[in-house]
Amino acid sequence: MSGISRREGLMIAAGMVLTACAGSGPSSATGTMTGPSPTPAPTPTSPTSPTASLNSAARARGMRFGSTYAWSTPGADRGSFANPPYAALLEADCGILVPENEMKWQFLRPSATAFDFTRPDAMIAYAESKGLAVRGHNLLWHQPKWMPAWAESHDYGPNPAIEGDRVLTEHIRTVCARYGAKIGSYDVVNEAVNPADASLYETALSRAIGGATATLDLAFHTARTAAPHAQLVYNDYMSWEPGNANHRAGVLRLLEGFRTRGTPVDALGVQSHLITQRADTAASVSTQQADWRRFLDQVVAMGYKLLITEFDVRDNNLPADIAARDRAVADYSRAYLDVMFAYPQLSDVLVWGMCDRYSWIEGFEPRSDGAKRRPCPYDSDFKPKPMRTAFAEAFAAAPART
Ligand code: XIL
């Protein structure tokens with residue numbers, strides 16, 4: 001449980017940054033969120049890929065590989081499509097992209113009456129120009145700290161259920177209408193389950209509508225009508241590490257409820273923000289794999305598809321030595337991917353950032369020894385790491401999807 005409370009604390013800290021930058025206007029939002037990298041970017045070069053693209057390795061098994069990406073001004077040192085070395089990684093390895101922050105309410109909807117599509121429009125146009133698919137993240141991040149300040153303090157008036165319904169459905173309809181078939185899969189609801197007690201969070205919006213369950217159902221029904229072509233996903237960070245049992249139970253209960261009530265949810269997005277437990281990865285993963293399979297078995301038995309939506313690894317309890325750390329992270333990743341890839345219900349696999357240089361993890365939870373985090377398949381100089389090989393080998397070993 002200590003891992004969860006620490007994460008919660010850090011999520012609140014990260015939320016304060018996001019909220020602060022959301023209030024500072026669109027032009028400064030992304031810059032405030034990730035902060036500049038400490039060293040200048042190397043001269044853009046093609047990434048050195050030791051094997052074929054990860055997406056072609058995935059495609060050979062009927063799967064897809066992709067990553068998050070950000071918006072920036074051209075050439076800024078960010079994990080952006082407008083930053084040539086980062087774009088080169090996206091174009092070399094990815095078949096599907098997902099905006100990291102730019103489609104969240106705080107960025108897309110600066111007030112109850114205004115939408116600003118400048119950034120996602122540019123990002124989606126880039127993906128289209130490269131023939132890359134796009135996921136939408138997200139239509140509702142169901143926690144007060146991730147809602148924009150205006151939504152939490154909004155006057156829902158004398159008939160709050162009607163105004164709450166209007167605010168939510170207008171949001172979903174407006175986003176889905178703007179992007180139409182350009183977005184084939186949406187995280188309709190993100191992180192609604194409180195891992196502390198497996199309950200559902202409430203927000204000012206959900207209280208207006210009449211409670212979390214009614215709100216989540218409304219979100220999915222609205223998305224189904226507004227984007228009938230799209231895969232509708234419930235996305236959360238319950239994971240396989242010890243301390244996640246409550247969170248997994250809460251997510252299972254939510255998924256069961258969706259089925260009982262006929263709520264149109266197609267898939268569970270498994271964020272996959274992994275955390276290494278010890279240097280000897282083999283010693284920790286066998287129990288984790290067993291617990292994790294029990295969870296996934298129940299999810300797929302209810303008819304849900306699976307996605308890996310936000311893979312990265314926090315290299316906790318590992319030595320600072322880079323070779324040893326990268327090896328342990330790659331082994332841990334491979335053990336996880338092997339379990340996931342065994343499920344034919346899983347076909348899309350996305351990492352939350354291609355290279356360590358721009359990963360959110362460094363700001364979210366730095367290592368206590370001050371060594372820079374190494375959460376991604378490529379390092380801060382855009383060079384492939386053993387984690388990338390782990391992905392390539394896991395795809396090669398995966399059973400083919402039809
Ligand atoms: C993170 C972004 O990477 C950060 O830049 C931002 O400050 C906070 O959000 N789960 C999610 C993602 O669903 O949207 C989060 O992204 C990471 C955790």
Side-chain angles (χ1 to χ4, degrees), residues 3-4 6-24 26 28-37 66-72 76-80 83 86 97-108 119-120 123 134-148 175 185-195 201 216 219 233-239 241 244 247 251 267-275 307-314 348 350-366 373 375-376:
I4 287 173
R6 173 157 173 73
R7 184 184 205 276
E8 279 296 288
L10 288 159
M11 289 294 272
I12 290 163
M16 286 164 61
V17 174
L18 187 60
T19 305
C21 70
S24 67
S28 64
T30 300
T32 314
M33 200 151 41
T34 47
S37 293
S67 173
T68 190
Y69 69 141
W71 179 92
S72 76
D77 191 18
R78 305 254 171 237
S80 162
N83 176 15
Y86 194 77
L97 302 179
V98 59
E100 181 171 5
N101 289 299
E102 293 80 355
M103 292 189 74
K104 295 170 182 172
W105 281 52
Q106 280 158 321
F107 286 79
L108 206 58
R119 292 173 179 210
M123 297 175 79
V134 181
R135 301 200 65 243
H137 175 81
N138 50 63
L139 294 175
L140 181 65
W141 195 341
H142 192 67
Q143 294 180 37
K145 68 186 177 219
W146 296 115
M147 290 298 279
V175 175
S185 173
Y186 279 102
D187 293 330
V188 177
V189 174
N190 198 38
E191 300 182 359
V193 174
N194 183 346
Y201 291 107
L216 306 193
V233 179
Y234 174 73
N235 191 48
D236 210 332
Y237 65 87
M238 70 284 125
S239 195
E241 283 86 15
N244 277 261
H247 200 174
V251 169
L268 174 65
V270 182
Q271 291 186 4
S272 311
H273 295 293
L274 306 187
I275 307 175
L307 298 88
I308 292 179
T309 50
E310 306 182 14
F311 186 99
D312 56 23
V313 181
R314 251 167 284 169
D348 284 344
L350 288 90
V351 292
W352 207 242
M354 289 297 284
C355 71
D356 298 340
R357 187 178 191 85
Y358 309 116
S359 169
W360 73 302
I361 293 290
E362 186 62 38
F364 173 64
E365 188 184 318
R373 289 286 193 184
C376 302

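Numbering of ligands and ligand atoms starts at 1, following listing order.
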Whether the Asn190 and Gln271 side chains hold a donor-acceptor pair (N or O, under 3.5 Å, no angle test) is what I'd like checked. yes

Please tell me whether Glu191 and Trp141 have a donor and an acceptor in their side chains that are separated by less than 3.5 angstrom. yes

Heavy-atom donor-acceptor pair, [X] side chain to [Y] backbone, under 3.5 Å:
X	Y	result
Tyr234	Val251	no
Asn244	Glu241	yes
Ser80	Ala70	yes

Proximal ligand 1 atoms for [X], defined as those under 4.0 Å from one of its heavy atoms:
X	value
Glu310	10 (N), 11 (C), 12 (C), 13 (O), 17 (C), 18 (C)
Glu191	10 (N), 11 (C), 13 (O), 18 (C)
Asn101	2 (C), 4 (C), 5 (O), 6 (C), 9 (O)
His137	11 (C), 12 (C), 13 (O), 14 (O)

Heavy-atom proximity to atom 9 (O) of ligand 1, picking from His273, Lys104, Gln106, Glu100, points to Lys104

Going by the rule salt bridge (charged side-chain N to carboxylate O under 4.0 Å, His left out), which residues pair with Asp312 if we only count those two or more places apart in sequence or in a different chain? none

Short N or O distance, Asn190 and ligand 1, threshold 3.5 Å exclusive: yes

Tell me whether ligand 1 is touched by Trp352 - counting only heavy atoms on the residue side and a distance under 4.0 Å. yes

Indicate yes or no: does Arg135 engage Asp187 in a salt bridge with an N to O separation below 4.0 Å. yes

At under 4.0 Å between heavy atoms, what of Thr68 touches ligand 1? The answer is neither

Honestly, for Tyr237 the part within reach of ligand 1 (heavy atoms, under 4.0 Å) is neither

